[in-house]
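What follows is a short report on a single structure.
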Amino acid sequence: MPELPEVETTVRALREPLIGSTIVGVRSDWPRQIVTPDLPELQARIHGLHIQAINRRGKYLVFNLSGQETLIIHLKMSGHLAVTGADAPQSKHVHSVFSLADGRELRFRDTRKFGRIYLVTDPSEILGKLGPEPLSPEFTAETLRQRLAGRKRAIKPLLLDQTILAGIGNIYADESLFYAGLDPRRPADSLTPADLSRLHAAIQKVLKLGIAREGASIDLYVKPDGTKGDMQNAVAVFRRTGLPCYQCQTPITRIVLGGRSTHFCPHCQR
DNA sequence: ACCGGAGCCTGTTAGC
DNA sequence: TGCTAACAGGCTCCGG
């Protein structure tokens, strides 16, 4: 579920309760969620480590721990992280839990069990192939042009490719293409410099809007404290099939592109 | 090298 | 009401 704005919102909410805390244990009733190392080694290595910083790279949460260790978590479709007391009621979809020295817990709830946990000494092992951060100064219209150069595929599935650009998912891809006025089926190599410039600006605009509104609570996503984000009230096309386009009143169309639902205005996007 | 499709999971909703 | 199929914001693997 979560894309860059939802992960960023989660990171910001976790910093205050977690930075400076000490991890003293991990338990899991779904060890497949832990990709590397295996659960016994994770328990051994993480015991006693302090959480020094929490950041985001693409859709990954990155916890810098003492001892040169890095804990990396991907929420995938349905993951949710929250800090609670040890005796707080626990959802049946909580499968992995980090215990803190002061008795609190960091709980990973994940209904669909797609989420993943990694503990590594070299984060590039997991994050190395990701494309640039869309909100960083290094990401310019020219960067976007270079990364799409020679690609004949439709632009929409390319925006979802995390090696081209990190952090965009289905919502923000559709929203970006709407504000750029681009048909999601347009071959990437047909985009003019003006198209790419509009797309670059649109990507930054919708991601910043998503962060400002603390994520889109369309299906399962809620913030760590359980409350909803507000971006679902600001989408122009995503899951608005049949509803009038805010710019021209033409009904929003839904197609399947690269196996994913795709929503666009057939009049405004060309 | 690139692309589409299946697979991983559970829950909700749409359709008959 | 009850069953079944489709669908869900992600990503990886596999075969053509």
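Naming: A, B, ... by sequence-line order, numbering from 1 per chain.
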Can you identify which nucleotide, out of C:dG10, C:dA8, B:dT10, has its nearest atom closest to the A:R239 side chain?
C:dA8

Output the single nucleotide from B:dC3, B:dT10, C:dC7 whose closest atom is nearest the side chain of A:S261.
C:dC7

Just checking A:G169: base, sugar-phosphate only, or nothing, at a heavy-atom cut-off of under 4.0 Å?
sugar-phosphate

For atom CD of A:Q162 and atom C1' of C:dC11, their distance in whole Å:
9 Å

Span that lies between the C1' atom of C:dC3 and that of B:dC8, in whole angstrom:
25 Å

Ion pair A:E3/A:K59, N-O distance below 4.0 Å:
no

Just call it for A:K92: base, sugar-phosphate, or nothing, with non-hydrogen atoms closer than 4.0 Å on any strand.
sugar-phosphate

What is the distance, to the nearest angstrom, from the NZ atom on A:K113 to the P atom on C:dA8?
22 Å

Does the ring of A:F114 meet both stacking tests against the six-membered base ring of B:dC8: centre distance under 5.5 Å and plane angle under 30°?
yes

Which of B:dC3, B:dG11, B:dT10 is nearest the side chain of A:R151? It is B:dC3

Could you state the NZ-C1' distance from A:K76 to C:dC13, rounded to the nearest angstrom?
12 Å

Where the side chain of A:H93 is defined as all heavy atoms beyond and including C-beta, which of C:dG10, B:dG11, C:dT12 is the nearest nucleotide?
B:dG11

Any Lys/Arg nitrogen of A:D174 or A:K156 sitting under 4.0 Å from an Asp/Glu carboxylate oxygen of the other?
yes

Kindly say whether the aromatic ring centers of A:H200 and A:F139 come within a distance under 6.0 Å.
yes

Under-4.0 Å salt bridge between A:R147 and A:E142:
no

Rounded off to whole Å, could you give me the NZ-to-C1' distance for the A:K59 and C:dT12 pair?
13 Å

Look at all strands and tell whether A:F238 reaches a base, only sugar-phosphate, or nothing, counting heavy atoms closer than 4.0 Å.
sugar-phosphate

For the side chain of A:R254, starting at C-beta, report the closest nucleotide among C:dC7, B:dT10, C:dG10.
C:dC7

Separation of B:dG5 atom C1' from A:L257 atom CG, nearest Å, is 14 Å

Can you check the distance between C:dC11 and B:dA1, where both ends of the measurement are the P atom (answer in whole Å)?
22 Å

Closest to the side chain of A:R112, out of B:dT10, C:dT12, C:dC7, is B:dT10

In a check of side chain to side chain donor-acceptor pair (under 3.5 Å) between A:D110 and each of A:H95, A:Q33, A:H80, A:H93, which one passes?
A:Q33

Round to the nearest Å and state the distance from A:R260 atom CZ to B:dA6 atom C1'.
14 Å

Expressed as a whole number of angstroms, how long is the span from A:R147:CZ to B:dC2:P?
13 Å

Using whole Å, report how far CG of A:N170 lies from P of C:dC11.
11 Å

Between A:R198 and A:D195 (salt bridge meaning N to carboxylate O under 4.0 Å), is one present in this structure?
yes

Counting only side-chain heavy atoms from C-beta out, which of C:dA8, B:dG11, C:dT12 sits nearest to A:T111?
B:dG11

